[in-house]
Each structure stands twice: as structure tokens, then as C-alpha cells.
Amino acid sequence: MANFPPEIITDIICRLPVKDLLRYRCVSKSWRSMIDGPDFIKLHSKQSMESQFQPQPRTNRFQGTGLY
């Protein structure tokens, strides 16, 4: 992951659920610092609030099952 700019890693990780973030704190000291940092917490809160109010794409759960 060292080849990716920190902004890209932050952008990807801030879209994850909190449960996953708690697990990913163990990846490295730098990830723990990033995830626990106040700037990341604010960014994650903002991102999660915005995603709650965006409509999710509808999928047909029976597609490809042969049920009609």
C-alpha cells in the first residue's frame, strides 16, 4: 500500500463501515493513527451521513435463479 498516495487510501477507507474500520486499525500503526485521527473521524461521519440519504440502486434478487 506504500505505492498509493495517502489521500487515495483515506478516500477508500472512509467509505467502509465502522465495524470494518475497527478491525483495520490492527493493520499497521499508520492505519491506526489515521483511523483514530479527528480529521478522519469527521470525514467518515460526513461520508456515512451523505451515503444514508443517497438512493441505493435496486437489484433484482431473483435474476438468474430461474424463478419468474
Side-chain angles (χ1 to χ4, degrees):
M1 297 296 279
N3 296 335
F4 290 104
E7 301 84 27
I8 300 295
I9 295 172
T10 301
D11 187 51
I12 293 169
I13 292 177
C14 79
R15 298 168 192 267
L16 299 173
V18 173
K19 185 176 178 180
D20 292 333
L21 290 175
L22 294 174
R23 275 188 285 166
Y24 298 151
R25 292 172 69 236
C26 299
V27 169
S28 68
K29 289 180 182 180
S30 63
W31 278 38
R32 178 184 291 262
S33 295
M34 176 184 57
I35 292 169
D36 290 347
D39 293 336
F40 181 83
I41 293 169
K42 288 178 193 174
L43 179 64
H44 187 269
S45 296
K46 181 182 174 194
Q47 181 79 22
S48 62
M49 290 298 288
E50 288 174 359
S51 68
Q52 283 182 348
F53 296 109
Q54 291 179 353
Q56 299 298 316
R58 295 185 147 265
T59 58
N60 182 356
R61 28 178 233 192
F62 298 112
Q63 185 176 4
T65 62
L67 299 174
Y68 294 105

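The structure displayed is predicted, hence computed values, not measured ones. Residues: numbered from 1 along the sequence shown.
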State whether the side chain of Arg25 and the backbone N or O of Leu21 hold a donor-acceptor pair below 3.5 Å, judged by distance alone.
no
Looking at [atom1] of [X] and [atom2] of [Y], how far apart are the two atoms once the value is rounded to the nearest 0.5 Å?
{"X": "Glu50", "Y": "Gln47", "atom1": "CD", "atom2": "CD", "result": "6.0 Å"}
{"X": "Asp20", "Y": "Ile35", "atom1": "CG", "atom2": "CD1", "result": "10.0 Å"}
{"X": "Cys14", "Y": "Ile41", "atom1": "SG", "atom2": "CD1", "result": "12.5 Å"}

ILVMFWY network linking Ile12 to Leu43, side-chain heavy atoms under 4.5 angstrom:
no
Common cluster, Leu16/Phe4, ILVMFWY with side-chain heavy-atom separation under 4.5 Å
yes
At their closest point, which heavy atom of Trp31 faces which heavy atom of Tyr24, and how far apart are they?
CE3-O, 3.7 Å
Taking all non-hydrogen atoms of both residues into account, name the closest pair between Thr10 and Phe40 and its distance.
CG2-CD1, 3.9 Å
Hydrophobic clusters join Ile, Leu, Val, Met, Phe, Trp and Tyr when side-chain heavy atoms are under 4.5 Å apart, directly or via other members; which others share one with Leu22?
Val18
Heavy-atom check, side chain of Asp11 versus side chain of Glu7, under 4.5 Å
no
